[in-house]
Amino acid sequence: MNTISGEATRRRHAPAPPQEPKPARALAIHARRQGRWAVLSLDGVLDLVTAPALVHAVTRLFALLNAQGTALALALDLRRLRFCDSSGLNALVRIWRITTAARGELVILDPAPQPARVLRTTGLDRRLDIRPALP
């Protein structure tokens, strides 16, 4: 409140101008079978917001394959993954651990430039099986 010549008045604030909505950072996960492989194609951004969805999708997929008695052979197609941060790398490591604990196979397919650079920088390219195509 302001006091002007002894009167109390309320300062009125103009409403803030509407802000443009920020584009959603999304990750689309497309599943398909290719021979014995379950292939998950990732399209978009793998970060703090989207990484849990990927881990959840892989966990559900493995539960389904296990219930069917199918061998766990997972390929993550990263050709359309535009961005991967440390949370995304953590998700990939978690998926690798889940897969190896279940005696399954994990292949990373043809990462896009930014994820490939992050995998090289962190040394994960030497731990994960990264290939241009399915074996």
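By the 4.5 Å heavy-atom criterion applied to side chains, Val118 and Phe83 are not counted as neighbours. The shortest side-chain heavy-atom distance between Leu119 and Pro111 falls under the 4.5 Å cut-off. Residues Arg94 and Arg97 fail the side-chain proximity criterion, which asks for heavy atoms closer than 4.5 Å. Counting heavy atoms from C-beta outward, Thr100 and Glu105 have side chains that stay 4.5 Å or more apart.
For Ala38 against Leu61, the heavy-atom pair with the smallest separation is CB-CD2, 3.8 Å. When every heavy atom of Ala75 is checked against every heavy atom of Trp37, the shortest pair comes out as N-CE3, 4.0 Å. The two atoms that bring Asp125 and Arg120 nearest to each other are OD2-CG, 3.3 Å, heavy atoms only. Taking every heavy atom of both residues into account, Leu81 and Cys84 meet most closely at CD2-CB, 4.2 Å. Minimum heavy-atom separation, Val55 to Ala91: CG2-CB, 3.7 Å. Annotation for Leu72 and Ala102: closest pair CD1-CB, 3.1 Å, computed over non-hydrogen atoms.
In this structure, Val93 is a member of the same hydrophobic cluster as Leu54, with clusters built from ILVMFWY side-chain heavy atoms closer than 4.5 Å. Note on Ile29 and Phe62: same hydrophobic cluster, where clusters join Ile, Leu, Val, Met, Phe, Trp and Tyr whose side-chain heavy atoms are under 4.5 Å apart, directly or indirectly.
Residue-environment remark: CZ (Arg33) exceeds the threshold of 12 foreign heavy atoms within 6.0 Å.
In this structure, Leu42 CG and Leu76 CG are separated by 5.5 Å, a value rounded to the nearest 0.5 Å. One distance of note links CH2 of Trp96 with CD1 of Ile108; it measures 11.5 Å at 0.5 Å rounding. Atom CG of residue Leu92 and atom CD1 of residue Ile130 lie 9.0 Å apart, to the nearest 0.5 angstrom. If you take CG on Leu134 and CG on Asp110, they are separated by 11.0 Å, rounding to the nearest 0.5 Å. With values rounded to the nearest 0.5 angstrom, Asp47 atom CG is found 11.5 Å from Leu89 atom CG. Rounding to the nearest 0.5 Å places CG of Leu40 at 10.5 Å from CG of Leu109.
In summary, of the residues considered (Arg80, Arg79, His30, Arg32), a side chain to side chain donor-acceptor pair (under 3.5 Å) with Ser41 occurs for Arg32 alone.
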Next item on the list: Please test Asp43 against Arg82 for side-chain contact (heavy atoms from CB on, under 4.5 Å), starting from the C-alpha separation and ending with a verdict.
Entry: CA-CA 7 Å; Asp43 188 351; Arg82 293 186 311 272; 4.0 Å; yes
